[in-house]
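Numbering of ligands and ligand atoms starts at 1, following listing order.
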Amino acid sequence: MAVTLDWLGVSTYRLTVDEHVIFLDAYMDRVPSAPTVGLKSSDIDRANHILIGHSHFDHLWGAERIAHNTGATIIGSHETVRLMDLEEVPHETLVAVSGGERIQLSESITVRVFPSQHSCIWSTTGAPGEACIGDLGVTMQERESNLAERAASRSSSQHPGMDEVNSHRELCTQRPRAEGGAFAYLIETRYGSILWKDTSGHWTGIMRDLRPDVALLAAAGRGNIDGEPIQGSLAQFVAREVDLLRPKSIVLGHHDNWNPPVTVPTDLGPIRQELARQSPRVNMVDMGYLESYPILDR
Ligand SMILES: [Zn+2]
């Protein structure tokens, strides 16, 4: 098997191309109430590169441990690099990008970095098939105050599982962090290309020309299209992304129950239905944790 993919929960994957191991995000040490992915960051003893989509803890936390154990090079935003520098990851293994770079990972693997968008975590959000309308033209200040309100209600919640969630969050964010900008990465190998994004947002004009063989897409929250929340459902957002990219296969991520009780398992039914309607020829790969799926074999 030349190219295999292991899903490690949320948007974290291990991509193995021949002998080259690339982590896509690094978050696998989750709150104890979440289903385990079968691997801890401290178990990882082989990695060449770690690509980080954005710097929130459910994507970045763990990268420092993998880097220390393996000597892997981390590629991410200036915010990611700042945080990894504070964790004493050696400078020569940190590469800050802002989108527009093409980086050689090995003799036969390159990665192109593109600016992307984070999902609208500040806006109203519904179930995957539920259309959400409005929240247009909201200023950065209003977005920030919405987020602060949500954080306050989370920390005061009386739900029995919330103490565990809050202490996990405190552990993961001992170094305060910003999102740092979100990226899409296009990994080009001799076997084909893989586009990976770790949050539901994009710039339309960038997505539509990439045409990867495989797309690993996030299915969570309210989709962000060119800086504004989608006027529609998450299912419609994913279908629109697939229509822009036109991949042969897709893998969905970020839909697992990674942070209960704040998260619930996402019902992929409405997304499947929307994709079957709009892009019936796309192969949707159903992936469990740690399956070493031969992603470019078909
Ligand atoms: Zn995020």
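Take the N/O/S atoms of H54: the one nearest the Zn ion (ligand 1) is NE2. Closest N/O/S atom of H56 to the Zn ion (ligand 1): ND1.
Taking backbone and side chain together, H59 holds no N, O or S atom under 2.8 Å from the Zn ion (ligand 1).
Across all their heavy atoms, L244 and H202 have their closest contact at CD1-NE2, 3.6 Å. Across G53 and D198, no two heavy atoms sit closer than the pair CA-OD2, 3.2 Å.
By the neighbour-count criterion of 12 heavy atoms within 6.0 Å, atom CD of E88 is sparsely surrounded, having that number or fewer from other residues, nucleotides or ligands.
Note on ring orientation: taking the six-membered ring where Trp is involved, the planes of H59 and H56 are tilted (angle from 30° to 60°).
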